[in-house]
Number of protein chains: 2
Amino acid sequence: MAERPEKPAFQARARCKSVLSGVIFLLTLGPIALKTYSTIKTYSLLLDSSSMSRRSYRQNCALARANDVIGDRWTQLLIRDLLIAPRRFNELQASLKGIGANLLSSRLKELEGAGLVEHGTPASGKHRYALTARGRAIEPALLALIRWGLVYGPDNQPGDHHHDDWDLLALKALFQPDRMAGEGVTVQFTDHEFSGWMAIADGVVTIGLGEAEEPDVCVATTIKNLFTGPGEPSGYLQAGDPETLRNFMHSFAVRV
Amino acid sequence: MAERPEKPAFQARARCKSVLSGVIFLLTLGPIALKTYSTIKTYSLLLDSSSMSRRSYRQNCALARANDVIGDRWTQLLIRDLLIAPRRFNELQASLKGIGANLLSSRLKELEGAGLVEHGTPASGKHRYALTARGRAIEPALLALIRWGLVYGPDNQPGDHHHDDWDLLALKALFQPDRMAGEGVTVQFTDHEFSGWMAIADGVVTIGLGEAEEPDVCVATTIKNLFTGPGEPSGYLQAGDPETLRNFMHSFAVRV
DNA sequence: CAGTATCCTCGAGGATACTG
DNA sequence: CAGTATCCTCGAGGATACTG
């Protein structure tokens, strides 16, 4: 910062109005980037108004700026849960074991202020938090972190908290279109305490909690147990073809 | 954490020996994952011995575990700098404006303990920190975060700290193989205070600081200025073909 | 249920001085 | 230059009680 010592008092206010090199940079790079310009503008207004992290790295670097938004403790895990389904406050608090109500409340407000989360809208539902397009756009990055964590991260420890729905996202992270045989498939997982589904269509994976509309395959177990448990996968079949299930399971691997 | 009050004293030790569902999960998913097993084992030993984050989320979720390793403040930015080049302690401290010497030292030790960074080895060089294979493996995730940050992150602010080498990584994040025309190209950037290069070969991008071996194109400006500055890009050409430069610049865009 | 308000602790992390 | 050692602050974030 020493290279710009003039006008230090004005600096804080100057941050609200500046023209932004990040944007300009993208604008020169093609029509895809152009599309996002108006969104970015809205965003910067939201951010500047109140919730700009009081601990910004102040680095002109996209990674640092991403971390200014989603780098705080719990934030990525919160987004993870919302990537799986819209949630109520108490559902989130139960899932993020150890987070305080006040901290959860404050994280949600920050993400709302940054335009990643919305709340109580027709789209999200009353008393439900859901990701906006901007929030969902972070999914590829989180899936990449999940892949790294699966292969290189520390080991799971006995006693660690676990939710079966997290495995929906982990499985999505491992999907490889080129390993996919067949057109598409919808698989329903139903276990004692878990119900969720994954649909693959046109090489795109969709996941959700509860019951799928028209599942091709239904298995009576969790994702984890299906892939790593003792018995034959087909032993869990409740409906559908063993071959279809095998093809489905074969579509996932670690991309290294 | 209240759900497991029994044997609290034993828990810390029990964490060292467990068989790990994350690993088993991957093992069932194919030969690629199998390859990494021995690495993972080594890693867990390193981690358990000392530097397991005292603030683990304790969630059996790959994203949470990734965050246990690289979720601390400064850690991702440190890895970013090492993705660009091996660095000395003081270089890192100068780049990560605002980090204290003690904190930098402690972050480096944590990453070394976790097997992402090595130091003073023949590969890294004396008094130089470099990424291990495990550390480099996080690059795709950081590039995805960079893409998000470029499009959806907060705006750059006047007075923000900046290094031109960061743009090497940002540019790499925007590379799109299918937009590439021609076989491959090496571009040298040389400016007042910056010297670095990018090579594209077989759809793979390599970057580095200093002078490239055999650049096809040399421009006398920074990446940022080349893409977003006023003048015609070809105006910065010192060596090489304007057409080659144009093709190079056209290979980058935001993947949305 | 969906939060807000208050209080308090402790440790991240910043500043500084010092050493090999 | 490459760190280590010490001290100190302040704010993240945990606990708890309370409200609409």
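By convention in this document, chain letters (A, B, ...) are assigned in the order of the sequence lines, proteins followed by strands, and residues within each chain are numbered from 1.
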Open item on the list: From C-beta outward on R88(B), which listed nucleotide comes closest to its side chain: dA2(D), dG13(D), dC1(C)?
Closed with: dA2(D)
TODO: Only counting residues at least two apart or in another chain, list the ones meeting salt bridge (Lys or Arg N to Asp or Glu O under 4.0 Å) with E139(B).
DONE: K172(B)
TODO: Check the angle between the aromatic planes of H161(B) and W166(B) and answer parallel, tilted or perpendicular using the 30° and 60° thresholds.
DONE: perpendicular
- [ ] Output all residues satisfying side-chain contact (heavy atoms from CB on, under 4.5 Å) with A130(A), sequence neighbours left out; order by chain, then residue number.
- [x] P86(A), S124(A)
TODO: Compare side-chain N and O positions of H119(A) against OP1 and OP2 of dA2(C) and report whether any pair is under 4.0 Å apart.
DONE: no
Open item on the list: Please enumerate all residues that pass side-chain contact (heavy atoms from CB on, under 4.5 Å) together with A66(B), with sequence neighbours excluded.
Closed with: W148(A)
Open item on the list: Counting only side-chain nitrogens and oxygens, does K109(B) get under 4.0 Å of the OP1 or OP2 atom of dG3(D)?
Closed with: no
Task: Residue pairs passing the ring pair (Phe, Tyr, Trp, His ring centres under 6.0 Å) test where at least one lies in residues 102-123 of chain A, sequence neighbours excluded - done: H119(A)-Y129(A)
Task: Selected nucleotide, minimal atom distance to F89(B) side chain, candidates dC1(D), dT4(D), dG14(D) - done: dT4(D)
Open item on the list: Heavy atoms from C-beta onward define the side chain here; which of dG14(D), dA2(D), dG3(C) lies closest to that of L103(A)?
Closed with: dG14(D)
TODO: Taking side-chain contact (heavy atoms from CB on, under 4.5 Å) as the test, write out the residues that go with A101(B), two or more places apart.
DONE: F89(B), Q93(B)
TODO: List in chain and number order the residues that pass ring pair (Phe, Tyr, Trp, His ring centres under 6.0 Å) with W74(A), two or more places apart in sequence or in another chain; answer none if no residue qualifies.
DONE: Y57(B)
- [ ] Establish, with yes or no, whether the OP1 or OP2 oxygen of dG13(D) is under 4.0 angstrom from a side-chain nitrogen or oxygen of Y57(B).
- [x] no
Task: Under-4.0 Å side-chain N/O to phosphate OP1/OP2 contact, S105(A) with dT4(C) - done: yes
Considering only nitrogen or oxygen atoms on both sides, find all protein atoms under 3.5 Å from nucleotides 15-20 of chain C and state each distance.
from	atom 1	to	atom 2	distance (Å)
dA15(C)	N6	N102(B)	ND2	2.5

Open item on the list: Nearest to the side chain of R107(B), heavy atoms from C-beta on, is which of dA12(C), dG3(C), dG14(C)?
Closed with: dA12(C)
Task: Pairing string, 5' to 3', for DNA chain D - Watson-Crick or wobble contacts under 3.5 Å, brackets [ ] where pairs cross, | to another strand - done: ||||||||||||||||||||
- [ ] Identify, with sequence neighbours excluded, every residue that meets salt bridge (Lys or Arg N to Asp or Glu O under 4.0 Å) alongside D191(B).
- [x] none
